[in-house]
Structures are given as C-alpha cells and as structure tokens.
Amino acid sequence: MPEPRRTRIVPEVDFEKNGTQHGFLRLFHSTHASAYGFIPIPIVVIRNGSGPTAFFMSGNHGDEYEGQVALCNLAKWLTPEKISGRVILLPAANFPAAMAGRRVSPIDDLNLNRVFPGDPDGTVTQQIAWYIENELIPMADIMADLHSGGSSLMYLPSALAQLRSDEEHQRRQLAALKAFASPSAYVTRSGPGGHATASGGAARKGVVAIGTELGGSGTVTPAALRIAERGVRNLLVHVGILPESERIAATEPTRFLEVGGPDYYTYTPEPGVFEPAVELGQSVHEGQVGGRIHFPETPWAPPAEVRFQRDGIVLCKRIPGRTARGDCLFHLGTPADF
Ligand code: CA
C-alpha cells in the first residue's frame, strides 16, 4: 500500500494549545541564497476551550489588501478571554505573492486559488494549497477566504457563497453569508474551475465557507475595510465564538444577487483604451453600451462599442485603461431572493 501523502510544511504553533500563539508555517525552500531556508508564512491561533473553530484567510491573491488589513487588525483585537473556541488566521496565505503585492507567486508563477487541492510534493504554491485544504480546513467549522478585485478589477463590496448541491450545506452557507452583513452579497453555482479554489477545498471537506470581493483596484478604502471588519466579527458571533454583544449591526440591508453563466461577463473585443460608460451598482439592460474601446494610435477611427449581453447590476469593472482582447471589463449580478 502506498504511504499516505503528507505535507512537508511544519507549523510553529500548536493548534491544540489554549491562549494566543503567533508563528510561522515553515515551508522549506532551498535556494541559491538560502540552502536550508524556509518561507515563513505567518499564522495566528487564538484558543479558549473546546468551542467551534473559525479559519479566516486573506492574501490568497497577494494584491488584494482589504482582507489582509482586516485580519491584521483582528489578530490584535482578539484575545482568548473574548472567545470560546478557536480562531485561526492566515492573513498572507500565498505569502510570496503577498510580499510581492501580486496576484500570483513570483516563485512559481502560480495562482493559489487555481491549484487546489494542491500537492504536498509540488511547487511552493501547490504545497500551500495542500496544507490549507488538508491541514487547516479540516479543523474549521466555518471558513472565510477574503478576496477583492485585486489590481485589475473593482467590485461593489460583497460577500459571496459558491453554492453546491447539498441542501443542508447550502442553508448553512446562506446563513453565514447573511451574518456577514455586507451591503451586497451574491451566490454562484459552482462554475468552471470552482473545484480548484479554496472554496472548492472547503466543499470537499464539508466545511461551510464564504468568500468576499471587498473592493479592489490594488488599494484599501475605509468603507471596504469597515465591511470586512464587521463581516469577520459577525461570523465569529454567528458560530458562537464571540458573544452576541460583539455583533456589529449593519447600516443598510444586504442586497442579494446571483452571478450566472457566460452572458453575465463582458470582455474587451479589441485592444485599446477602455472608456467605461456605467458605474458600479448601476442597473443595465441587454444591448446597452457599457463602454467603448478607443484607438489612440488611430484617433480618427470610431471606437469599438462594448454591449451587455443581458440585464443586470454592474457588480465588477475593469480598472486599468489599457486593455487587450479577452480582458474582462464587467460582470453583472441579477437580483436574487434567498
Ligand atoms: Ca481574488
């Protein structure tokens, strides 16, 4: 019988110990500059007794900062006395990408959220994915993977759930999504590639998970950060790790949306300079011009029009002006009730 596959990553923290622990996941990486060195992926474990476990991560994409800041703040605010149970924080999940401020790792050029379940004997990013799916996620009763639009996209700040088949699991995901209390929240039905994400990993392990798209543009706004901090705090209340008195009330009701198939997405038809014609949150209709692509090298040429393929609400837009054929310019959501 083959040996079970095991991670090579060594945690400096003891997940079973009470109190607050800070340390690193040691991912051994032998390079020219550091023959016996490791990549230090920071981790925080706060535990008080035998209650439920929450696992929150950010920096899955290194250029998405709202979640990283929210978890840095949470790591300092949470104390064992405040909680019953355990909170595991992994604020810079793809640490090399987070240090570089890039979506993908500069070491192996891999996108962590496209390589789950990973490989314990694979490249750096594949080893991180394996560790998250097979060591961290199984400890959790609830998980949140905090994303935003990163360098190239901007979102209407949202929480999201990727719904899969099991009805009871869906009910628990939607309850967590509502508890996050973001101004917008949306669901997707497991789309192409969904299995290769951290959320896919949570589904494989039967753990309730939600995600976020908190903003983006490669920056942090005070509004997006407030939404992130309220959301993670309320999730801890939702599972009973924090008392009800720590819940932060929403300032507005959540607008629920659904993101469906290819017609929700609008792409650049020709390379050029993108002029958006609509704003985030705006209601648009099928055939409406969402933007134009201009050709400064041929300024007398008419711009190419970008039209929406269905009705919806603008949930996400591209940020950089310069664009190539195949870039995503917008995606829509449609009102949903759940
Ligand atoms: Ca992301």
Does some side-chain heavy atom of Ile313 sit less than 4.5 Å from a side-chain heavy atom of Pro335? yes
When every non-hydrogen atom of Ala181 is compared with those of Arg230, the smallest separation belongs to O-NH2, 2.7 Å
Scan side-chain atoms only and decide if Thr212 and Tyr155 contain a donor-acceptor pair under the 3.5 Å cut-off. no
Is there a side chain to side chain donor-acceptor pair (under 3.5 Å) between Gln162 and Ser199? Walk through the geometry before answering. CA-CA 7 Å; Gln162 288 182 11; Ser199 155; 3.3 Å; yes
Identify each donor-acceptor pair in which a side-chain atom of residues 38-48 lies under 3.5 Å from a protein atom, sequence neighbours left out, and give them as a table.
from	atom 1	to	atom 2	distance (Å)
Arg47	NE	Gly49	O	3.1
Arg47	NH1	Phe15	O	3.1
Arg47	NH1	Glu16	OE1	3.2
Asn48	ND2	Pro80	O	2.9
Asn48	ND2	Ile83	O	2.9

Group every Ile, Leu, Val, Met, Phe, Trp and Tyr by side-chain heavy-atom contacts under 4.5 Å, then state whether Leu160 and Ile137 land in the same group. no
Summary of ring-ring contact (aromatic ring centres under 6.0 Å, His included) pairs that have at least one residue in residues 104-132, sequence neighbours excluded: none
Val208 versus Ala176, closest heavy-atom pair with distance: CG1-CB, 4.2 Å
Side-chain donor or acceptor of Lys205 paired with backbone N/O of Gly201 under 3.5 Å: no
Which residue pairs satisfy the side chain to side chain donor-acceptor pair (under 3.5 Å) criterion with at least one member in residues 303-315, sequence neighbours excluded? Asp263-Arg310, Glu305-Arg307
Inter- and intrachain pairs under ring-ring contact (aromatic ring centres under 6.0 Å, His included), touching residues 296-329, at least two apart: Phe308-Phe330
Heavy-atom distance under 4.5 Å between the side chains of Ile88 and Val13, does that happen here? no
Kindly state each residue pair satisfying ring-ring contact (aromatic ring centres under 6.0 Å, His included) with at least one member in residues 70-107, sequence neighbours excluded. none
Contacts of type salt bridge (charged side-chain N to carboxylate O under 4.0 Å, His left out), residue Asp108, not counting sequence neighbours: none
Ignoring hydrogens, what is the shortest heavy-atom contact between Ser105 and Pro96? Give both atom names and the distance. OG-CB, 3.8 Å
Residues passing the side chain to side chain donor-acceptor pair (under 3.5 Å) test with His294, sequence neighbours excluded, are Glu275
Show your working on side chain to side chain contact (heavy atoms under 4.5 Å, CB included) between Leu332 and Val314 and close with a plain yes or no. CA-CA 5 Å; Leu332 304 177; Val314 181; 4.0 Å; yes
Could you measure the distance from the OG atom of Ser184 to the CG atom of Leu315? Nearest 0.5 Å is fine. 7.0 Å
Got more than 12 heavy atoms from elsewhere within 6.0 Å of CD, Glu168? yes
The criterion is salt bridge (charged side-chain N to carboxylate O under 4.0 Å, His left out); which residues satisfy it with Arg322, sequence neighbours excluded? none
Taking every heavy atom of Glu270 against every heavy atom of Ile293, the minimum-distance pair comes out as O-CG2, 3.3 Å
With a 3.5 Å distance limit and no angle check, can you tell me whether Thr254 reaches the backbone of Ser182 through a side-chain donor-acceptor pair? yes
With the side chain counted from C-beta on, respond yes when Arg164 and His169 share a heavy-atom pair under 4.5 Å apart, and no when they do not. no
Distance col, row Leu146:CG vs Leu90:CG, nearest 0.5 angstrom, shows 11.0 Å
Straight-line distance of Lys317 NZ to Leu329 CG, nearest 0.5 Å: 11.5 Å
Euclidean distance, Tyr265 OH relative to Cys316 SG, rounded to 0.5 Å: 8.0 Å
Has the side chain of Asn113 got a donor or acceptor atom that lies under 3.5 Å from a matching backbone atom of Ala198? yes
Under 4.0 Å between a side-chain nitrogen and a carboxylate oxygen: does that hold for Glu133 and Arg204? yes
For the side chain of Ser217 and the backbone of Thr219, is there at least one donor-acceptor N/O pair under 3.5 Å apart? no
Is the closest side-chain heavy-atom distance between Gln170 and Val187 below 4.5 Å? no
Which residues satisfy the salt bridge (charged side-chain N to carboxylate O under 4.0 Å, His left out) test with Arg318, sequence neighbours excluded? Asp327
Would you say CD of Glu279 has more than 12 non-hydrogen atoms from neighbouring residues, nucleotides or ligands within 6.0 angstrom? no
Side chain to side chain donor-acceptor pair (under 3.5 Å) pairs touching residues 66-75, sequence neighbours excluded, are Glu66-Ser148, Asn73-Glu229
Set of residues satisfying salt bridge (charged side-chain N to carboxylate O under 4.0 Å, His left out) with respect to Arg103, sequence neighbours excluded: Glu64
Can you name the nearest heavy-atom pair linking Ile9 to Gln127, along with the distance? CD1-O, 3.6 Å
Say you draw a straight line from CZ of Phe256 to OG of Ser158; how long is it, rounded to the nearest 0.5 Å? 11.0 Å
A side-chain contact here means heavy atoms from C-beta on lying under 4.5 Å apart; do Leu112 and His61 qualify? no
For the pair Asn234 (side chain) and Ile248 (backbone), establish whether a donor and an acceptor sit closer than 3.5 Å, ignoring hydrogens and angles. yes
Could you grab the distance from atom CG of Leu89 to atom CG of Leu136, nearest 0.5 Å is fine? 11.0 Å
For a side chain to side chain contact (heavy atoms under 4.5 Å, CB included) check, start with the C-alpha distance between Leu153 and Glu213, then their side-chain angles and the critical distance, and finish with the verdict. CA-CA 10 Å; Leu153 298 171; Glu213 294 292 357; over 6 Å; no
I'd like to check Asn94 versus Leu110 (side-chain heavy atoms, cut-off strictly below 4.5 Å). Are they in contact? no
Is there a chain of hydrophobic side chains (I, L, V, M, F, W, Y, each step under 4.5 Å between heavy atoms) that links Ile210 to Leu225? no
Side-chain (Arg325) to main-chain (Pro269) donor-acceptor, under 3.5 angstrom: yes
Is any side-chain heavy atom of Ile132 closer than 4.5 Å to one of Phe55? yes
If you group Ile, Leu, Val, Met, Phe, Trp and Tyr by side-chain heavy-atom gaps below 4.5 Å, do Tyr264 and Val278 land in one group? yes
Just so I know, are the side chains of Pro52 and Ile142 near enough to count as touching, which here means a heavy-atom distance under 4.5 Å? no
Extract all donor-acceptor atom pairs below 3.5 Å that involve side chains of residues 21-33 and protein atoms in other chains or at least two apart in sequence.
from	atom 1	to	atom 2	distance (Å)
Gln21	OE1	Asp14	N	2.9
Gln21	NE2	Asp14	O	2.6
Arg26	NE	Glu12	OE2	2.7
Arg26	NH2	Glu12	OE2	3.1
Ser30	OG	Ala35	O	2.7
Thr31	OG1	Ala33	N	3.4
Thr31	OG1	Ser34	N	3.1

What are the two closest non-hydrogen atoms of Phe295 and Ala301, and how far apart are they? CD1-CB, 4.3 Å
